[in-house]
Protein chains: 2
Amino acid sequence: MSAPKILDLGSLKHACKSCSLHDLCLPLGVSDDELQLLERIINRKRPLQRKDHLYRPGDRMTSIYAVRSGTVKTYTLTDDGQEQITGFHLPGELLGLDAISDGIHPCAARALETTSICEIPFDRLEELSVRIPELQHQLFRIMSREIQTDEHFMMLLGKKASDARLAAFLLSLSSRLGIRGFSRTEFNLTMSRNDIANYLGLAVETVSRLFTRFQGAGLMQVRRKLITIYDLDGLHTVAGIHPVGEDLRGHCNNGQCNPGKSPMD
Amino acid sequence: MSAPKILDLGSLKHACKSCSLHDLCLPLGVSDDELQLLERIINRKRPLQRKDHLYRPGDRMTSIYAVRSGTVKTYTLTDDGQEQITGFHLPGELLGLDAISDGIHPCAARALETTSICEIPFDRLEELSVRIPELQHQLFRIMSREIQTDEHFMMLLGKKASDARLAAFLLSLSSRLGIRGFSRTEFNLTMSRNDIANYLGLAVETVSRLFTRFQGAGLMQVRRKLITIYDLDGLHTVAGIHPVGEDLRGHCNNGQCNPGKSPMD
DNA sequence: CGTATGATTGACATATTTCAAGGTCTGTGG
DNA sequence: CCACAGACCTTGAAATATGTCAATCATACG
């Protein structure tokens with residue numbers, strides 16, 4: 001089908017609330033009218049199957065995307081053809097922001113499992129942002145947060161040892177899933193050990209050993225893909241983050257700082 | 001409003017062209033009128049002296065900044081109080097974009113030498129962006145570019161050996177200076193070895209040794225702060241970027257491929 | 001079932017850090 | 001102007017975290 005199914009507004013609005021554009025519209029005073037305008041430009045795409053590409057490096061960028069459900073990894077190829085993963089994108093997160101600059105996707109985006117996606121044509125989003133200043137502001141905020149997250153990640157790669165990296169990675173997943181209403185302590189790794197290692201700049205073997213070590217230390221249980229975290233604070237300590245020290249909320253590199261729970265489950 | 005000294009438009013426009021907001025206005029069809037509007041909100045700040053802070057972590061963010069001349073480093077503090085440098089900002093580059101999200105600076109910004117800065121109040125820039133869609137677009141592009149650069153840097157930290165990191169760093173400086181009209185092959189490092197090491201996730205000693213090695217290999221000359229690059233292509237090769245043909249001499253992840261001794265003594 | 005893919009584990013290699021020392025430059029105060 | 005202190009940089013030797021290589025094991029999948 002060329003034209004994606006048109007959804008009635010009520011459900012779409014709900015969709016945005018629980019799903020992805022949460023970030024885009026909700027945290028600010030976007031009126032219902034404006035919300036409708038926004039929703040009207042959003043397309044739902046047919047779900048991606050595992051290993052399907054959403055886009056590839058060099059593709060023309062026309063839209064940005066929000067993950068509704070599933071997981072997407074983004075990666076580039078190094079000059080010698082190796083894959084370098086630049087991020088994992090969970091439900092409610094945007095991707096494609098790195099392509100605005102050139103209008104060409106520098107990365108590939110690929111589903112790690114069956115994944116549904118909302119597509120937001122960027123030119124229309126820009127038009128709308130001119131008409132809805134709050135939306136423009138929110139877009140700036142989202143991109144800024146991405147930059148902040150990236151900086152944080154650089155610190156991880158530049159300064160932290162392997163165990164701290166893996167711990168921080170797990171905590172990041174935990175927190176991001178938690179924000180969307182999933183369990184913070186029990187979840188499935190949708191990416192392979194290889195992907196994790198690649199992302200964290202480590203060897204697969206190192207990641208594997210660390211999992212066993214963390215498990216041995218009673219921090220968590222690892223059964224294949226299934227992670228059960230027993231000791232979040234302990235993981236924080238390994239990650240070199242002081243968990244209780246008042247400031248975990250203050251930073252909250254993930255946005256969503258409001259203590260209020262995600263509305264849906 | 002304590003309008004800082006009003007500069008005549010001619011000189012300001014010239015200032016923007018040669019200086020910093022080049023990126024912001026020139027590459028697109030911003031009319032003279034619009035350019036004037038933009039220029040009117042920009043303040044020149046009194047020059048920073050070496051080690052002066054432009055802002056500190058936790059400071060309220062009200063403006064973004066463009067480096068007119070000089071160098072600024074931005075850094076965060078890790079949880080255990082160590083400094084982690086997140087970037088060096090050369091003339092013509094913007095900083096503070098990571099603070100839009102929270103309205104609070106997550107990083108500190110500090111001058112590495114006498115530095116002059118333009119300040120752009122962000123709320124006014126946003127207002128203007130609503131009125132000048134091309135400006136909004138350009139801002140999105142700039143932020144997107146930043147994200148892209150960060151992704152690239154992650155790859156460096158995650159995948160590249162120390163020599164490739166340093167080579168890439170030098171090439172980045174070279175290219176960025178070149179863009180602004182400075183020499184690509186001869187420049188001063190305004191940052192200490194310590195800063196470089198910190199930024200690249202290496203030990204100072206490693207950086208020092210690499211400099212000697214690069215010098216011994218005839219890639220460049222290092223005299224204290226003064227860098228003279230003799231072989232840009234060679235540096236590209238070390239950095240793992242194939243500038244032209246691909247000749248990596250087999251495996252050689254180490255820059256010094258000769259199994260014998262390092263060419264220097 | 002048997003083959004392919006991914007994960008784990010061990011032994012070994014090595015790039016980079018750490019530790020320690022000495023060298024060089026720069027600014028300062030006598 | 002010189003001497004000195006302190007910061008910065010370089011160099012060497014030893015320590016180590018992590019990568020590489022190789023073998024085995026578990027799981028998924030046709």
Side-chain angles (χ1 to χ4, degrees), chain A residues 49-51 73 82-85 112-114 156-167 169 188-216 220-227 238 240, chain B residues 49-51 73 82-83 85 112-114 156-167 169 188-216 220-227 238 240 250-259 261-265:
Chain A
Q49 297 307 313
R50 183 174 143 79
K51 301 203 173 177
K73 80 169 176 188
Q82 291 181 78
E83 182 175 310
Q84 164 69 43
I85 296 176
L112 290 176
E113 58 185 325
T114 305
L156 197 73
L157 292 182
K159 276 237 164 350
K160 304 293 181 122
S162 59
D163 53 355
R165 293 188 203 180
L166 186 61
F169 173 71
N188 268 291
L189 295 175
T190 52
M191 65 294 292
S192 69
R193 302 285 195 271
N194 237 307
D195 283 346
I196 297 174
N198 182 305
Y199 180 59
L200 296 176
L202 301 171
V204 205
E205 293 92 331
T206 305
V207 170
S208 194
R209 283 186 250 266
L210 287 170
F211 272 133
T212 15
R213 174 135 67 89
F214 286 178
Q215 193 167 228
M220 56 188 292
Q221 199 194 40
V222 195
R223 269 180 68 82
R224 214 68 193 168
K225 297 279 190 191
L226 180 65
I227 299 292
V238 173
Chain B
Q49 296 308 312
R50 183 172 143 79
K51 299 202 174 179
K73 78 170 176 188
Q82 289 180 81
E83 183 174 312
I85 296 175
L112 289 174
E113 59 184 326
T114 305
L156 198 72
L157 292 182
K159 277 236 164 353
K160 303 293 182 123
S162 60
D163 54 356
R165 295 189 201 179
L166 185 62
F169 172 71
N188 269 291
L189 296 175
T190 52
M191 66 293 292
S192 68
R193 303 286 195 272
N194 236 309
D195 283 346
I196 298 174
N198 181 306
Y199 180 59
L200 296 177
L202 300 171
V204 205
E205 294 92 331
T206 306
V207 171
S208 192
R209 282 185 252 267
L210 287 169
F211 273 133
T212 4
R213 195 162 98 208
F214 286 178
Q215 191 167 231
M220 55 188 291
Q221 198 192 43
V222 195
R223 270 182 68 83
R224 214 70 190 168
K225 297 280 189 190
L226 181 66
I227 299 292
V238 173
H251 194 47
C252 182
N253 51 358
N254 205 9
Q256 53 178 34
C257 299
N258 342 31
K261 13 195 49 178
S262 167
M264 77 130 329
D265 218 54

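The structure presented is a predicted model; accordingly, all values stated were derived computationally and were not measured. Labels below follow one simple rule: chain letters A, B, ... track the order of the sequence lines, proteins then strands, and each chain is numbered from 1. Only this structure's heavy atoms are used, side chains among them; waters, hydrogens and symmetry mates stay out.
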* **Residue-phosphate contact under 4.0 Å: A:S208 side-chain N/O, C:dT9 OP1/OP2** => no
* Asked: Between B:F211 and A:R223, which has a closest nucleotide on DNA chain D that is more 5'?
  -> B:F211
* Asked: Can you check the A:Q215 CD to C:dT8 P distance for me, whole Å?
  -> 9 Å
* **Under 4.0 angstrom between A:K225 side-chain N/O and C:dA7 OP1 or OP2** => yes
* To do: Specify the closest pair of heavy atoms between A:R165 and A:L156, including all atoms of both residues, with the distance to one decimal.
  => NE-O, 3.7 Å
Considering only nitrogen or oxygen atoms on both sides, find all protein atoms under 3.5 Å from nucleotides 21-25 of chain D and state each distance.
residue: D:dC21; atom: N4; partner: A:E205; partner atom: OE2; Å: 2.9

* Per the end-axis method with five pairs at each terminus, what is the bend angle of the helix from C:dC1-D:dG30 to C:dG30-D:dC1, to 10°? -> 40°
* Before accepting this row, confirm whether a basic side-chain N of the pair A:K225/A:E113 lies closer than 4.0 Å to the acidic partner's carboxylate O. => no
* Among C:dT24, C:dT9, C:dA7, which is the nearest nucleotide to the side chain of A:T212? -> C:dT9
* What's the CZ-C1' distance between A:R193 and C:dT5, to the nearest Å? -> 14 Å
* To do: For residues A:K73 and A:D195, report the shortest heavy-atom separation together with the two atoms involved.
  => NZ-OD1, 3.2 Å
* Just how far, in rounded Å, is P of D:dC9 from CZ of B:F214? -> 17 Å
* What are the two closest heavy atoms between B:L112 and B:M191, and how far apart are they? -> CD1-CB, 3.7 Å
* **A:R165 CZ to D:dT18 C1', straight-line distance once rounded to whole Å** => 10 Å
* To do: Look at the side-chain N and O atoms of A:S192 and state whether any lies under 4.0 Å from the OP1 or OP2 oxygen of C:dT5.
  => no
* Take B:F211 and B:L189 through the test side chain to side chain contact (heavy atoms under 4.5 Å, CB included) and record every step on the way to the result. => CA-CA 12 Å; B:F211 273 133; B:L189 296 175; 3.9 Å; yes
* From D:dG19, D:dT27, C:dT16, nucleotide with atom closest to B:L202 side chain -> C:dT16
* Structure fact -> Rounded to whole Å, the CG-P distance (B:D163 to C:dT17) equals 12 Å
* To do: Would you tell me if any nitrogen or oxygen in the side chain of A:T206 comes within less than 4.0 Å of OP1 or OP2 on D:dG19?
  => yes
* Asked: Which residue, A:S162 or B:M191, contacts DNA chain D at a nucleotide closer to its 5' end, judged by nearest heavy atom?
  -> B:M191
* Structure fact -> Of all heavy-atom pairs linking B:V238 and B:A167, the shortest is CG1-CB, 3.8 Å
* Please report the shortest heavy-atom distance between B:V222 and B:R193, naming the atom on each side. => CG1-NH2, 3.6 Å
* Take the protein atom CG of A:L112 and the nucleotide atom P of C:dG6, then report the distance between them rounded to whole Å. => 12 Å
* Asked: Which pair of non-hydrogen atoms, one from B:F214 and one from B:D163, has the smallest distance, and what is that distance?
  -> CZ-O, 3.5 Å
* From the options A:I196, A:N194, A:N198, select the one residue that forms a side-chain contact (heavy atoms from CB on, under 4.5 Å) with A:V204. => A:N194
* To do: Would you list the pairs meeting side-chain hydrogen bond (donor to acceptor under 3.5 Å, both in side chains) in which at least one residue belongs to residues 199-210 of chain B, sequence neighbours left out?
  => none
* In whole Å, what is the span from the CG atom of A:N194 to the P atom of D:dT20? -> 12 Å
* Structure fact -> Rounded to whole Å, the NZ-C1' distance (B:K51 to D:dC8) equals 11 Å
